[in-house]
2 protein chains.
Amino acid sequence: MSKNNSVTNLLRSELAKATGCNLETIRYYEQIGIMPDPPRTARGFRVYGEEHVRRLRFVMRMRELGFSLNEVRGLLTLVDGGTQTCAEVHERTLAHLSDVRARITDLKRIESVLEETAAKCSGEDVPECPVLDALSA
Amino acid sequence: MSKNNSVTNLLRSELAKATGCNLETIRYYEQIGIMPDPPRTARGFRVYGEEHVRRLRFVMRMRELGFSLNEVRGLLTLVDGGTQTCAEVHERTLAHLSDVRARITDLKRIESVLEETAAKCSGEDVPECPVLDALSA
DNA sequence: CTTGCCCCTGTACTAACTACAGATCGTAGA
DNA sequence: TCTACGATCTGTAGTTAGTACAGGGGCAAG
């Protein structure tokens, strides 16, 4: 019954340093169940192992890619469950991809409106601003 | 002393319908000072005029263009103040434009990562998922 | 022995709304 | 006249993804 599933024993601040994740964010992830409650030392300090590092890195990567915490939660249950994982993951990746593409399209529209707007303006110190008028219309 | 500065007298629900803005959002904008407290009827109902419609439309347009409520607040003080407006507006528009462009660049990076990731996956029902492995790494 | 540091906990704050509970008021129908 | 309905009003809480701060405990060095 010897527990040798974790090699490194990290405190919370060390996990934060190791992953680049904010200290408080780790606690937050534990509160909402994205990260498991880690074991504690006799003094009550959280102790993390390799598996926590891996899981947190995964979460951070997914967040970077724009997945919401709920989506990340979903992906994690796939990881944890391990059943027909690949097809599901593929599907969710594609769904998220189309989401990202929609946001890009949206931002491009905004970009061109802002470009037009800026072009209309001479940049001089005129009290009457054609840009504001254009935008209000 | 006759007040004829507003032609239309709209209730809140009518302002909402006229602008497409959510009813509750209007109250919220009043709470945070984006919209002014409107005059009331004897029964305490809010009454809006043309100037409210115009202002709310402006706010909505700016929000659509991705300005934060704080930025909108700033633009509104320029509108209200009316001093050296144009140069300032030009500047803020450009600042926001570069912001939008940065977000586009970011999303494009995410897009290509997701594309690569999805391409790696066959979409078959394999329990071991190369995508998840790739994403964790 | 006291100062400082690191850890702990709980709570409040952010943005930009949305939603719901409970009060009131005027009018329309029975 | 009584009651029900619809519209408005107010205040408060929930959402997402964290960040920040207040207050308490224990260990170690000076």
Side-chain angles (χ1 to χ4, degrees), chain A residues 9-48 52 55-76 96 99-100 103 106-107 110, chain B residues 9-48 52 55-76 96 99-100 103 106-107 110:
Chain A
N9 274 14
L10 304 171
L11 290 178
R12 190 152 60 124
S13 65
E14 293 165 337
L15 177 62
K17 215 168 289 175
T19 57
C21 183
N22 186 314
L23 197 81
E24 306 274 27
T25 304
I26 296 170
R27 182 162 68 116
Y28 174 66
Y29 285 166
E30 285 161 14
Q31 274 170 11
I32 65 170
I34 288 277
M35 292 290 288
D37 283 349
R40 306 287 183 116
T41 65
R43 285 181 54 196
F45 291 10
R46 292 165 176 83
V47 186
Y48 300 94
H52 295 100
R55 194 183 181 91
L56 183 52
R57 287 232 174 91
F58 178 76
V59 172
M60 291 172 73
R61 187 112 178 82
M62 293 306 101
R63 293 290 301 128
E64 263 180 56
L65 291 179
F67 285 91
S68 74
L69 279 181
N70 247 339
E71 289 170 322
V72 173
R73 205 192 303 272
L75 292 171
L76 283 171
H96 186 58
D99 219 80
V100 168
R103 263 150 73 199
D106 220 55
L107 282 173
I110 290 169
Chain B
N9 273 15
L10 304 170
L11 290 178
R12 191 152 58 121
S13 64
E14 293 166 337
L15 178 62
K17 215 167 290 175
T19 57
C21 184
N22 186 314
L23 196 82
E24 305 276 26
T25 304
I26 296 169
R27 183 164 65 117
Y28 173 67
Y29 285 166
E30 286 162 13
Q31 273 169 12
I32 65 169
I34 288 278
M35 292 290 287
D37 283 350
R40 307 286 184 118
T41 65
R43 287 182 53 196
F45 290 9
R46 292 165 177 82
V47 186
Y48 301 93
H52 296 102
R55 194 183 181 92
L56 184 51
R57 287 232 174 90
F58 178 76
V59 172
M60 292 172 72
R61 187 112 178 83
M62 293 305 101
R63 293 289 301 129
E64 263 180 56
L65 290 179
F67 284 91
S68 73
L69 278 180
N70 247 338
E71 289 170 321
V72 174
R73 204 192 303 273
L75 292 171
L76 283 171
H96 187 56
D99 219 81
V100 168
R103 263 150 74 198
D106 220 55
L107 282 173
I110 290 170

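Each chain gets a letter, A, B and so on, in the order the sequences are listed, and its residues count up from 1. The analysis underlying the following values was restricted to heavy atoms, covering all of them including side chains, and did not include hydrogens, waters or symmetry mates.
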From the set [options], return the single nucleotide nearest to any side-chain atom of [X].
{"X": "A:Leu69", "options": "C:dG26, D:dG18, C:dT9", "answer": "D:dG18"}
{"X": "A:Glu24", "options": "D:dC21, D:dC9, C:dC8", "answer": "D:dC21"}
{"X": "A:Ser13", "options": "C:dT9, D:dC9, C:dC7", "answer": "C:dC7"}
{"X": "A:Asn70", "options": "D:dT16, C:dA16, D:dG18", "answer": "D:dT16"}
{"X": "A:Thr25", "options": "D:dG18, D:dT10, C:dC17", "answer": "D:dG18"}
{"X": "B:Arg12", "options": "C:dT18, D:dT10, D:dG26", "answer": "D:dT10"}
{"X": "B:Tyr28", "options": "C:dT9, D:dA17, C:dA16", "answer": "C:dA16"}

Work out which heavy atom in [X] is nearest to a heavy atom in [Y]; give both atom names and the distance.
{"X": "B:Val47", "Y": "B:Arg40", "result": "CG2-C, 4.2 Å"}
{"X": "B:His96", "Y": "B:Gly66", "result": "CE1-O, 3.1 Å"}
{"X": "B:Glu24", "Y": "B:Arg12", "result": "CA-NH1, 4.4 Å"}

Pairwise 5' ranking along DNA chain C for B:Phe67 and A:Arg46, keeping only the more 5' one = A:Arg46
Rounded to the Å, how far apart are [X] [atom1] and [N] [atom2]?
{"X": "A:Glu30", "N": "D:dT19", "atom1": "CD", "atom2": "P", "answer": "14 Å"}
{"X": "B:Leu11", "N": "D:dG6", "atom1": "CG", "atom2": "C1'", "answer": "13 Å"}
{"X": "B:Arg40", "N": "D:dT10", "atom1": "CZ", "atom2": "C1'", "answer": "10 Å"}
{"X": "B:Phe45", "N": "C:dA23", "atom1": "CZ", "atom2": "P", "answer": "17 Å"}
{"X": "A:Met35", "N": "D:dA17", "atom1": "CE", "atom2": "C1'", "answer": "16 Å"}
{"X": "A:Leu23", "N": "D:dT19", "atom1": "CG", "atom2": "C1'", "answer": "11 Å"}
{"X": "B:Leu15", "N": "D:dC9", "atom1": "CG", "atom2": "P", "answer": "11 Å"}
{"X": "A:Gln31", "N": "D:dT16", "atom1": "CD", "atom2": "C1'", "answer": "14 Å"}

Separation between CD1 of A:Ile26 and OG1 of A:Thr19, rounded to the nearest 0.5 Å = 5.0 Å
task = Quick one: pull up CG in A:Leu107 and CG in B:Asp106 and give me the separation to the nearest 0.5 Å.
result =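 Atom-to-atom, A:Leu107:CG and B:Asp106:CG are 10.5 Å apart.
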Contact under 4.0 Å: B:Arg43 side-chain N or O vs D:dT8 OP1/OP2 =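 So the side-chain polar atoms of B:Arg43 never come under 4.0 Å of the phosphate oxygens OP1 or OP2 of D:dT8.
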inquiry  = If you go through the side-chain atoms of A:Arg27, does one of them form a donor-acceptor pair with the base of C:dG10 closer than 3.5 Å?
reply    =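 It does, because a donor-acceptor pair links the side chain of A:Arg27 to the base of C:dG10 below 3.5 Å.
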